[in-house]
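Here's the structure, in structure tokens; my notes come after.
The first residue of the sequence shown is numbered 1, and numbering continues consecutively from there. One-based numbering, in listed order, for ligands and for the atoms of each.
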Amino acid sequence: MAKVAIIGASGNVGRYTAHAVSYIPHVSELLLFGRPGREEVLHGLACDLHDSFAARGSQSDVKFSCTPKDLEGSDIIIVTSGVPRKEGQNRIDLAHENARMISEIAAMVGWYAPNAILFIVSNPVDVMTAVALKYSGMKPNQVIGLGTHLDSMRLKWNIAKYFDVHVSEVHTRIIGEHGDSMVPLWSATTIGGISIQNLPKFKDLPEEQIMHNVMNAGSAIIRRIGSTIYGPGDAIATIVSTILGNEKRILTVSTFISSEIHNIGDVCIGTPVRLDRNGATTLTITISEHEVEGFRKSVDKIRAITQEVIERLDESC
Ligand SMILES: NC(=O)C1=CN([C@@H]2O[C@H](COP(=O)(O)OP(=O)(O)OC[C@H]3O[C@@H](n4cnc5c(N)ncnc54)[C@H](O)[C@@H]3O)[C@@H](O)[C@H]2O)C=CC1
Ligand SMILES: O=C([O-])CC(=O)C(=O)O
């Protein structure tokens with residue numbers, strides 16, 4: 001049985017994540033964690049979740065805390081603390097502001113729960129994953145970010161709609177930045193195990209329109225309701241469940257790569273990894289020439305921003 005902590009639990013994503021994660025059978029203790037001053041809100045959320053457990057007949061326990069020592073013994077720590085973007089903003093616009101927060105949280109996690117898996121959600125998630133890796137002092141397999149997992153699920157859903165098949169028949173993924181330079185892997189997309197290029201309807205597939213929908217899904221939701229909530233929460237819960245169940249599923253999360261994809265690396269970015277109780281193992285893969293070109297651009301962009309953000313953090317330490 002496992003203890004899962006959520007730092008930033010009082011926010012939109014944090015509170016729905018707590019609910020989604022509470023359905024995972026391996027989770028015996030859920031800790032809602034926040035900064036000092038958030039006790040009342042966290043207490044209220046914990047009481048509401050208790051009622052949810054009561055309604056479901058669940059035996060799980062939910063606690064709240066603003067005391068770092070309470071993170072001890074956590075198996076997974078999910079970080080949803082941070083400023084969300086507003087309409088018209090890009091995720092990268094949040095980099096410097098959120099990096100300070102994430103560096104402090106990562107140092108706290110590295111100290112109190114050095115054996116946990118540290119799972120970053122805060123945006124820009126690839127840059128924040130690198131900041132967390134550096135300031136936690138934890139090993140690369142222990143530090144992951146939500147990466148392009150949610151984007152991959154958005155693409156999968158769009159493809160299933162177009163081909164009019166059950167969503168579970170579609171296997172696809174997006175790699176690279178969780179942002180404008182993301183790269184869909186059409187070369188690795190199958191329906192019912194058949195390469196998408198071998199299906200008659202592929203010739204009319206509106207690739208550009210689909211990728212436009214996927215890339216703008218977050219901003220379109222933010223424009224209407226202020227933030228994305230259920231999509232990220234359920235995507236996070238899938239990853240937590242995969243890790244705690246030692247399932248060894250291949251999901252596309254942000255993790256440190258050195259040179260696994262066509263010798264491109266030295267960055268934290270969305271790539272296919274095998275997830276189990278030890279965290280992430282990066283896969284070495286081959287992709288098409290066109291995809292390599294896009295991935296290289298995405299990596300160069302994120303590496304440059306990461307370096308700038310970490311240099312500024314180091315200067316101010
Ligand atoms: N990677 C992804 O796919 C997604 C990432 N996000 C990101 O998650 C983050 C949270 O989003 P929301 O929950 O919508 O925001 P929110 O504003 O509803 O919640 C933010 C949380 O961060 C905490 N917080 C704010 N300033 C803090 C500080 N200085 N120290 C510690 N905690 C602090 C707040 O108390 C609150 O719990 C944002 O950065 C957002 O962009 C959101 C959705 C999906
Ligand atoms: O778009 C945002 O800012 C939130 C997010 O990352 C997403 O839902 O993909």
Contact set, ligand 2, heavy-atom distance under 4.0 Å, ordered by chain/number, equals Arg85, Arg91, Asn123, Leu150, Arg154, His178, Gly218, Ile222, Thr228
- Query: Mind checking whether Arg85 has an N or O less than 3.5 Å away from an N or O of ligand 1?
  - Reply: no
Side chain to side chain donor-acceptor pair (under 3.5 Å) with His178: of Thr148, Thr129, Asp151, Asp126, only one passes, and it is Asp151
Going by the 4.0 angstrom heavy-atom rule, the piece of Ser227 near ligand 1 is side chain
Close N or O approach (Thr228, ligand 1; < 3.5 Å)
no
Test your reading of the structure: does Ala9 have an N or O sitting under 3.5 Å from an N or O of ligand 1?
no
Contact with ligand 1 for Gly34, non-hydrogen, under 4.0 angstrom | no
Does an N or O anywhere in Val13 fall below 3.5 Å from an N or O of ligand 1? yes
message = Please report whether ligand 1 has a polar contact with Ser122, defined as an N or O pair separated by less than 3.5 Å (distance criterion only).
response = no
message: One thing to verify: whether Arg91 and Asp180 come together as a salt bridge, which I'm taking to mean a side-chain N less than 4.0 angstrom from a carboxylate O.
response: no
Between His19 and Tyr16, how do the two ring planes meet: parallel, tilted or perpendicular, split at 30° and 60°?
tilted
Please indicate whether any nitrogen or oxygen in Leu94 is less than 3.5 Å from any nitrogen or oxygen in ligand 1. no
Taking the basic N atoms (NZ, or NE/NH1/NH2) and the acidic carboxylate oxygens, is any pair closer than 4.0 Å for Arg312 and Glu315? no
Counting heavy atoms under 4.0 Å, the part of Pro232 that contacts ligand 1 is side chain
Checking heavy atoms under 4.0 Å, the part of Glu104 that sits near ligand 1 is neither
